[in-house]
Amino acid sequence: MTFDRTPKIALEEHFMAPGFIDYFNKTAINISPDLFGKALTALQDFGERRLAAMDLIGIEKSVLSLAGPGVQAETETATAIAKSRECNDFLAARIAEQPSRYAGFAHLAMQDPKAAADELQRSVEQLGLVGAMINGQTNGAYLDDDRFSVFWERAAELSVPIYIHPYNPPDFPYMYHNHPELFGPVWSWTVETGNHALRLVFSGLFDRFPKAKLLLGHMGETLPYQLWRFDSRWEISNRGERRLQLKPSDYFKRNVWVTSAGVCSDEPLRCAIDALGVDRVLFSVDYPFEKAEEAGRWIEAAPLSDEERRKVCHGNAKALLRL
Ligand code: MN
């Protein structure tokens, strides 16, 4: 060991449950077959291999989430609901085997917002999960749609974060035509997920549910870089059709937290902290799609004060997830 190991909690750490591999196979169009095959083995391990990767960089606790898209890609609503429950029971059982090392985010069937709200509540109150991860749009619906009010109301009541994780848009946008490298983690997932978050902000969702908590990975999907421009341009683009109680940037500083999942780079880290505040940025790896060692080495050497590093590595996660 040649680097420090500030105690860490990591929030975008993925697993695979039996019965969900067919959904995961849909992401094969977004990543190389080689990485895909290697990832699948690592995703299914809850023991030695995963714990060794965590120990190597001082991750005391990993908050586990199903590798997407899961039931987000299920066309039968009843199946999606049943399988989401199955997934949460499976995850809770794995956590129960290593309760000091693992926590988890619920997997939900957003096809039925009321059922998703009920399953979120069951997951938090009965299974001890600490929030939920949602893999983007569901059959073309984004979470700013009115039908999801019942879900946001429950999430706000439970005071747990909803993590929006990248997935593909409902159609294939022409702008990615002939550029497969752009369709996936290089760019389209950032566009899709950042846009999803902006839909939530500009819809006034956080005026209706001021206590709702949104988590984004990948250092905020580039949004922290853009806050000033959101504030300066949104009213003229809005044509007076919507009203917000606060400036767009204010919602990012009140309702949004971001993780470093999948980004090991000083400049966006500093930007996220300087734009959102040091209490809103949380360390993550995006295991097994990123290497824990690289993420650990990077955060230990990143240009942060000791207090900032402690907050990013574990303090902020403890406060947000009430661990
Ligand atoms: Mn991920």
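What's counted below: heavy atoms across the whole structure, side chains too, no hydrogens, waters or symmetry copies. The structure displayed is predicted, hence computed values, not measured ones. Numbering of ligands and ligand atoms starts at 1, following listing order.
- Inspection of the Asp207 and Tyr251 side chains reveals an N or O donor paired with an N or O acceptor under 3.5 Å.
- For Phe20 and Phe15, the gap between ring centers reaches or exceeds 6.0 Å.
- Looking at Asp286, its N, O or S atom nearest to the Mn ion (ligand 1) turns out to be OD1.
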**OP:** Could you walk me through whether Thr77 and Asp112 pass the side chain to side chain donor-acceptor pair (under 3.5 Å) test, one step at a time?
**Re:** CA-CA 7 Å; Thr77 298; Asp112 182 333; over 6 Å; no
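- Around the Mn ion (ligand 1), the two atoms NE2 of His165 and OE2 of Glu12 are separated by an angle of 90°, to 10 degrees.
- Dense packing is recorded around CZ of Phe230, with more than 12 heavy atoms of other residues, nucleotides or ligands lying under 6.0 Å away.
- Atom NE2 is the N/O/S atom of His14 found closest to the Mn ion (ligand 1).
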